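Notes follow once the structure below has been shown.
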2 protein chains.
Amino acid sequence: MPKEVLFNEATVLQKATELFWHKGYNGTSMDDLTRATGLSRSSLYNSFGDKHSLFMRCLNYYLSDQEKSLMQAVGGTSSPLKKIKIAFKYMVDVILRDDKRDGCLMVNTTTELSNVDEEVGTLVLQNTDAMEHLFQQWVKEAQQQGEISKTFTPQAIAKHLFNTYSGLRISGQARPDKKSLDDIVKVALSVLG
Amino acid sequence: MPKEVLFNEATVLQKATELFWHKGYNGTSMDDLTRATGLSRSSLYNSFGDKHSLFMRCLNYYLSDQEKSLMQAVGGTSSPLKKIKIAFKYMVDVILRDDKRDGCLMVNTTTELSNVDEEVGTLVLQNTDAMEHLFQQWVKEAQQQGEISKTFTPQAIAKHLFNTYSGLRISGQARPDKKSLDDIVKVALSVLG
DNA sequence: AAGTATGTGGAACGAATGTTCCAAATAAAG
DNA sequence: CTTTATTTGGAACATTCGTTCCACATACTT
């Protein structure tokens, strides 16, 4: 019965995500979004709701995409310690490839909105927990296999790792220099030894 | 000859800074600023230039204020290692007192603007260098006095410390929990041992 | 006391904001 | 072929945006 949807939803979300990523939530206008996606205002509102709803869709799109990439990066190894090392090597690579210096959409959103937007705050917290949980699992396994010393609890190390990751996105935005980032990772991961 | 200025410049800058800090640059309107400072639009423009100029003034005001506080916090000791430890203890305290969860204006500004605003990007880089230089100096002295192992270069450790600080502002914005932040600091500073 | 230079409040500006509305277009169902 | 359901483009909306302007208030100089 209905006229078919002419656009690819994933493509639109990708374009919108890139824009929010580059200019932030408040820095991005609906006009920007129509231009970037090629959709008219009515199509955007009809398919994705208002600006805030679209933004939440983009955040979730971004998160699932990031998770997929990270899992793919560490997929090659079974050693939990190597997974951690590969993960950070991968993150540094991503930062160095970020030639627009847009950083991490999740970190950007944390600083821009988590204190004034409850819905965003909840999502940020969920993601933080998920990341920490992932790191904690790897650390726990690594400690059981004797790859990592048991000086600190898996939870404490996991929080440190996530903290280091968040910091890397800030450091990388100020000066995306391979040597600097490698140094940070080297020192930060030395606590595992 | 002229009518005197009726307001206290530092007070106005403080109010404006608080607002930018809480809502971000793009999230703060000139209307917000007139209400918060009590000044009329024309007074604001006459005394501080346009919105962007005022923002830059606020950033510098914030930085000098932060530096003063940090120096005061570590002023009591002559041991460079203790300075580092006290500095991080102080930072955690600041984060826990930040009941609005506004984070760090400098970190917030880095993620919001450093990729699209060259003037801001320059200031961010200057501040990053200054902070790293400060840490590096302390580490160098501590290594010379045998307080810190020489496993890593002062530069690498300094970058790690600043990275940890930046991360703490993100972590603290997601979940400002004393135990979590203490854990992060404990693990991150263990590389000094 | 008059002149003058500057700060102040508030109105006013055009442009941009997020959102809504409607007529036209389209494709499946009857 | 007509009907029906949905998407689409673009005009239109009120509101807010950053900024400018001007008449008035004020305090120093002469």
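Convention: sequence-line order gives letters A, B, ...; per-chain numbering from 1. Hydrogens, waters and symmetry mates are skipped; everything else that's a heavy atom, side chains included, is used. Computed from a predicted model, the values in this text were never measured in an experiment.
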Protein heavy-atom contacts under 4.0 Å, written 5' to 3' over nucleotides 10-16 of chain D as B (base), S (sugar-phosphate only) or - (none), form the string BB-----
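The NZ atom of A:Lys23 sits 12 Å away from the P atom of C:dA16 (whole-angstrom rounding). Atom CZ of B:Phe20 and atom C1' of D:dG18 are 12 Å apart (whole Å). B:Leu54 places its CG atom 12 Å from the C1' atom of D:dG18, with the value rounded to the nearest Å. Between the OH atom of A:Tyr45 and the P atom of C:dC22 there is a distance of 17 Å, given to the nearest Å. Between the P atom of C:dA15 and the CE atom of B:Met30 lies a distance of 20 Å, rounded to the nearest Å. Put simply, CG on A:Asp32 is 14 Å from P on C:dT19, counting in whole angstrom units. When the P atom of D:dT20 is taken as reference, atom CG of B:Leu44 falls 13 Å away, rounded to whole Å. Atom-to-atom, CZ of A:Phe48 to C1' of C:dG18 comes out at 17 Å; the value is rounded to the nearest Å.
Taking A:Lys150 as the reference, nothing meets the salt bridge (Lys or Arg N to Asp or Glu O under 4.0 Å) condition, with sequence neighbours excluded.
Of all nucleotides listed (D:dT19, D:dC17, C:dG9), D:dC17 comes nearest to the side chain of B:Asp31. Checked against D:dT20, D:dT8, C:dG9, the side chain of A:Asn46 finds its nearest nucleotide in D:dT8.
Hydrophobic cluster membership for B:Ile170: A:Val107, A:Ile170, B:Val107 (Ile, Leu, Val, Met, Phe, Trp, Tyr linked by side-chain heavy atoms under 4.5 Å, directly or transitively).
In this structure, B:Lys68 does not pair ionically with B:Asp65, as no charged nitrogen and carboxylate oxygen lie closer than 4.0 Å. Salt bridge status for A:Glu9 with A:Arg57: present, with a side-chain N to carboxylate O gap under 4.0 Å. Between A:Lys179 and A:Asp182, no side-chain nitrogen of the basic residue sits less than 4.0 Å from a carboxylate oxygen of the acidic one, so the salt-bridge criterion is not met. Between A:Asp93 and A:Lys89, no side-chain nitrogen of the basic residue sits less than 4.0 Å from a carboxylate oxygen of the acidic one, so the salt-bridge criterion is not met.
Both tests hold for B:Lys51 against B:Tyr25: distance to the six-membered ring centre under 6.0 Å, angle to the ring axis within 45°.
Nucleic acid contact class of A:Thr28 (heavy atoms, under 4.0 Å, all strands): sugar-phosphate only.
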